[in-house]
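Reading through the structure tokens given below for one structure.
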Amino acid sequence: MKNKALAVIATAVITATSWQVAAKEQPVTSAQLQNQAVLAVDWVQQSGEYRALAYQAFNVAKMSFDHFKSQAKQDNSKEKLAVVVDLDETMINNSAYAAWQIKHGQGYSSKTWGKWEQAAKAKAIPGAIEFSKYIDSHGGTVFYVSNRSETNLKETIKNLKKLGFSGVNDKTVLLKTTTSDKKARRSIITDEGYKIVMLVGDNLDDFDSKVIHKSNEVRRDHVNAEHSLYGTRYIVLPNPTYGSWEGGLAKGYFKLDNAGKSQVRHDALNAWNGK
Ligand SMILES: [Mg+2]
């Protein structure tokens, strides 16, 4: 009896130990990590709700532009009005690249992303082409300010022109040269005599450089403090598949291995306790 009891305890200890070890050290493959994004990519590609939000954003953006335009007229302002839009997941949809990552278990890499940019196969976000035409035909100028690499400027312009975006040229498309902070590129526009009345993007970094590389707590507080600017000066498109918010989950997040990233993602969940 005593021996049996000891055997049970020993088994329990071994089981507990091996479970703990397994929980701590079980590797997470790249395929498993990529697979965590499958529902988000399905939502972008398949749901009517995603399209509805995109149309909603651009409908609001048009109304807001009209407001800024009539305000400028009232003020007798001679300033040229500019609207700064981001590209990826704001005007163009790269979800086919995200879907490729899931299907092939591949994390993001500048090499595969560069190949995707060069293929010029991004699709338009619902409402985006019409919005660019609306601004350019109602007294404004659209500037496409994106953190795509300037080495792929030619292919990006080709992609945008093929889709039918308005006013696309090497003066209006400002890609990344040295820094992903868009402040300097916004200054190029204002130095040309434009007043930037609105910014359209899928990432808080597109609106205000203050939040770049900040935690989600800081980013949320920033949004709370400036909430009246959303839907007026700032127009946000939904992007549940990637963004600075992912890096905002933990300090040094993008340097973590697959298991580390997966752990951070799960630790970030605010869960019901079941009662
Ligand atoms: Mg973007």
Side-chain angles (χ1 to χ4, degrees), residues 37 40-41 43-45 50-51 53-58 60-61 82-101 107-110 112-114 116-129 131-132 135 142-153 155-157 159-160 163 165 168 172-186 189 196 198-214 216 219 222-223 229-231 233-249 253-254:
V41 177
W43 184 73
V44 169
Q45 294 191 336
Y50 170 76
R51 300 185 74 80
L53 282 169
Y55 283 124
Q56 180 173 284
F58 289 114
V60 168
V83 174
V84 169
V85 301
D86 168 55
L87 284 179
D88 297 320
E89 279 46 73
T90 297
M91 304 303 268
I92 52 176
N93 174 333
N94 303 288
S95 64
Y97 175 79
W100 173 87
Q101 286 181 271
Y108 168 89
S109 79
S110 52
T112 58
W113 173 257
W116 162 255
E117 283 185 354
Q118 283 156 13
K121 284 185 170 170
K123 301 261 173 45
I125 302 280
I129 298 169
F131 176 70
S132 72
I135 298 304
V142 177
F143 285 90
Y144 302 88
V145 180
S146 159
N147 283 338
R148 283 183 163 218
S149 164
E150 201 176 47
T151 49
N152 293 328
L153 177 69
E155 290 84 355
T156 298
I157 285 180
N159 199 158
L160 295 173
L163 292 168
F165 281 99
V168 174
T172 57
V173 180
L174 303 173
L175 303 186
K176 182 170 87 173
T177 49
T178 50
T179 173
S180 56
D181 187 340
K182 296 181 172 177
K183 205 194 298 176
R185 278 169 280 165
R186 287 194 288 267
I189 298 165
I196 299 171
M198 289 165 62
L199 299 125
V200 188
D202 66 300
N203 188 324
L204 296 182
D205 301 6
D206 296 327
F207 308 125
D208 195 332
S209 301
K210 270 186 225 151
V211 296
I212 295 174
H213 301 312
K214 292 290 192 307
N216 284 327
R219 296 166 73 83
H222 188 76
V223 171
L229 297 178
Y230 292 92
R233 178 168 165 76
Y234 301 154
I235 304 294
V236 191
L237 274 294
N239 178 8
T241 64
Y242 69 88
S244 300
W245 60 269
E246 187 185 347
L249 289 171
Y253 172 88
F254 287 118

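We count ligands from 1, going down the list as the structure has it; atoms in each ligand are counted the same way.
If you look at the Mg ion (ligand 1), the protein N, O or S atoms less than 2.8 Å from it are D86 OD2, D88 O, D202 OD1.
We find that D205 and K182 are not joined by a salt bridge, their nearest charged nitrogen and carboxylate oxygen being 4.0 Å or further apart.
Between the side chains of R148 and N159, no donor-acceptor pair of N or O atoms lies under 3.5 Å. Side-chain polar atoms of N239 and E89 form no donor-acceptor pair below 3.5 angstrom.
At least one side-chain heavy atom of I92 sits less than 4.5 Å from a side-chain heavy atom of F165.
Distance check, rounded to the nearest 0.5 Å: OG1 of T156 to CG of D88 gives 8.0 Å.
The backbone N or O of S180 lies less than 3.5 Å from a partner atom in the side chain of N147, making a donor-acceptor pair.
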